Amino acid sequence: MDPSRVLIFDTTLRDGEQSPGISLNTQEKLEIAQQLARLGVDVIEAGFPITSPGDFEAVEAIARGVEGPVVAGLARTHVADIDAAWNAVRDAERPRIHTFISTSDIHITHQLQTTREDVKGQARAAVAHAKQYLDDVEFSPMDATRADVEFTAEVCQIAIDEGATTVNVPDTVGYTTPQEFASLLERLNALAPGLADVVLSVHCHDDLGLAVANSLAGMEAGARQVECAVNGIGERAGNASLEEIVMLLHTRGEALGGLHTGAVTTEIARTSRLVSRLTGYPVQPNKAVVGRNAFAHESGIHQDGVLKERTTYEIMDARTVGLEANQIVLGKHSGRHALRQALEELGFAVEGQALNAAFKRFKEIADRKKQVTAMDLEALVTDEIREEVAAFSLEWFEVEDSSRRPPHATVGVGLPDGAESVGAFTGDGPVDAIFHAIDAATGFDPRLREFRIDAVTAGQDALGETSIVLELDGVTGAGQALSTDVLEAAGRAYVRALSNAVRRARAQAEEPAGERAADYVPTP
Ligand code: KIV
Ligand code: ZN
């Protein structure tokens, strides 16, 4: 293999999905995985199959349906975890099992409540067990940056002796610094000679804002796989951001001895938007590479410079990351054929029933909005992907609002058995009234944790996109929706969030004690 090629291991659907409030269904995960394949990532970590039937099903669907990248499933060192991971990824073109166990004494003593000897035994047995199923096995010594380096090296060597083909060094709690991390990798290389024969990987968290810098230090110290997530999502402060790693090597590769990736950079912006929409996690405006201001110039001097010569103040061309790419504009007279063609140009192959549904939504929007742009169409298709996973749907609503009286809302909510339930509420504001009217119709009383409205494009008739996170019996559920009417978008997002929360709460209640997802998901 080319010694300067860095493999991009995407963990958006595993570590990223562990972010609070994110609950993607299988269809949404599949859509993201397909887009990751278009982006040209090398490995998709599709999930942690033992944690829940939903996770298993999604990993299996990705393994069966996504061509190109390696599809990995995460597993602790337990036999049941590895069997679940194998059963979920076995139909992939190129399956991988990724198994991990902590090597830091903090984790060994307090979380695993075991001994170093036992950790060595577990690592050995886990890799050996996984190797019975397939060749491509990755091993991670969790919390390596707070662990004794000699012990970590010993565990890594054991994993390599058992046949691990990738060894990943995680900075699980985002604690290390670039120099320290580079020294750690150098020491590991010296102490575990087998590392020279496998792919060395890094997995950095962003608790101190150093995830990308630490990943870079890792690459400079010889790592040729970087684990990262789109928009940097992940546990706590998140993971190294995929788009920053890819564009760092694209822009500065020469200065880094020719390091490069196989990513298709022009797919970056769209991938970022898709992940943001489906997870409900917004991208901060000044976020590197994908923030809406990443290529905006405010100061007069900068604007003047860029107008004369773009490179005066831009180190990357917006088109390289896929911004400003598409000029499609449709209107209310555009037909089904024009819509299908426009969607194809945007990379969506929409046919049959899905095309009919998209066309119906398109007509509703085009009736209220003069010009439907590429960004609108992308938002619309993503909205259609958000399957009504559960139970409820907002059938209709009425809101009376006035500066003289408190607003009053009445809603009709479709229930799982097909019946319709009507609820009404007089609230503090029109949105509050709709949300409580939905509670009245469904009989649930969730707590609203987040509510956001964004405009998809500029202009007074812009589509409004709402995002909601709510909590029901200690379980969070997220929902997003799109409409030219922000009240409608708010109501639909609320119903989706409630459906998700109810589904998750029921799934948790049905899992036998000791087998709950929360018991399985470590806190990496
Ligand atoms: O942060 C971490 O240590 C992880 C491991 C499972 C690789 O996510
Ligand atoms: Zn992690």
Side-chain angles (χ1 to χ4, degrees), residues 7-20 22 43-51 55 59 70 72-78 81-82 84-85 89 96-108 110-112 119 122-123 126-127 130 136-147 152 155-156 159 164-176 181 184-185 188 198-212 214-215 218 223 225-242 245 517-524:
L7 300 171
I8 295 295
F9 176 114
D10 178 274
T11 187
T12 308
L13 295 173
R14 200 279 298 168
D15 212 316
E17 223 252 348
Q18 284 172 216
S19 314
I22 296 184
V43 185
I44 296 174
E45 187 166 51
F48 194 169
I50 191 83
T51 55
D55 236 67
V59 177
V70 168
L74 186 68
R76 292 171 306 177
T77 47
H78 303 186
D81 283 42
I82 291 168
V89 298
R96 173 180 295 185
I97 294 175
H98 175 193
T99 184
F100 70 96
I101 188 161
S102 296
T103 55
S104 73
D105 289 328
I106 306 179
H107 282 205
I108 295 174
H110 300 293
Q111 188 181 15
L112 300 177
V119 166
Q122 287 200 42
V127 176
D136 191 345
V137 175
E138 174 169 333
F139 173 75
S140 293
M142 189 152 97
D143 204 21
T145 54
R146 295 190 300 166
T152 302
V155 178
C156 289
T165 43
T166 298
V167 171
N168 172 52
V169 183
D171 181 26
T172 303
V173 289
Y175 179 69
T176 198
F181 196 45
L184 170 65
L185 295 185
L188 287 175
V198 300
V199 175
L200 179 62
S201 168
V202 288
H203 175 113
C204 297
H205 279 270
D206 208 29
D207 299 64
L208 292 172
L210 290 173
V212 171
N214 287 334
S215 304
Q225 174 177 285
V226 175
E227 304 200 351
C228 46
V230 175
N231 299 335
I233 60 174
E235 279 283 346
R236 305 179 313 280
N239 287 88
S241 131
L242 178 147
I245 299 283
D519 298 329
Y520 277 102
V521 181
T523 47

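We count ligands from 1, going down the list as the structure has it; atoms in each ligand are counted the same way. Note that this is a predicted model, so its numbers are computed, not measured. Positions are given from 1 along the sequence.
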Exercise for the section: Would you indicate whether the side-chain heavy atoms of His203 and Val169 approach each other to under 4.5 Å? Expected result: no

Handout entry: Donor-acceptor under 3.5 Å (Ser104 side chain, Arg146 main chain)
Key = no

Practice task
Run the numbers for me: atoms of ligand 1, each under 4.0 Å from some heavy atom of Asp15, listed by number.
Solution key: 8 (O)

Exercise for the section: From atom 7 (C) of ligand 1, work out which of His98, Arg76, His205 has a heavy atom at the shortest distance. Expected result: His98

Completion exercise
With sequence neighbours left out, the residues meeting salt bridge (charged side-chain N to carboxylate O under 4.0 Å, His left out) with Asp55 are Lys29

Problem - Verdict with supporting geometry, Phe181 and Val202, side-chain contact (heavy atoms from CB on, under 4.5 Å) - result: CA-CA 10 Å; Phe181 196 45; Val202 288; 3.4 Å; yes

Practice task
Would you check whether Glu227 has a nitrogen or oxygen atom less than 3.5 angstrom from a nitrogen or oxygen atom of ligand 1?
Solution key: no

Exercise for the section: State the atoms of ligand 1, each with its element, that fall below the 4.0 Å cut-off from a heavy-atom position in Met142. Expected result: 3 (O)

Practice task
Compute the shortest N/O to N/O distance between Arg14 and ligand 1 and return yes if it is under 3.5 Å, no if not.
Solution key: yes

Exercise for the section: Looking only at distances, please establish whether an N/O atom of ligand 1 is found under 3.5 Å from an N/O atom of Thr172. Expected result: yes

Handout entry: Atom pair NE2/CZ of His98 and Phe48 - distance to nearest 0.5 Å
Key = 10.0 Å

Handout entry: Non-neighbouring partners of Ala240 that pass side-chain contact (heavy atoms from CB on, under 4.5 Å), sequence neighbours left out
Key = Ala211, Val212, Ser215, Cys228, Ile245

Handout entry: Metal proximity, Glu227 vs the Zn ion (ligand 2), N/O/S cut-off 2.8 Å
Key = no

Exercise for the section: May I have the angle between Asp15 OD2 and His205 NE2 with its vertex at the Zn ion (ligand 2), rounded to 10°? Expected result: 100°

Practice task
Using distance alone, determine whether Asn168 and ligand 1 share an N or O pair under 3.5 Å.
Solution key: no

Exercise for the section: Keeping the roles fixed (side chain from Thr12, backbone from Val230), state whether a donor-acceptor pair exists under 3.5 Å. Expected result: yes

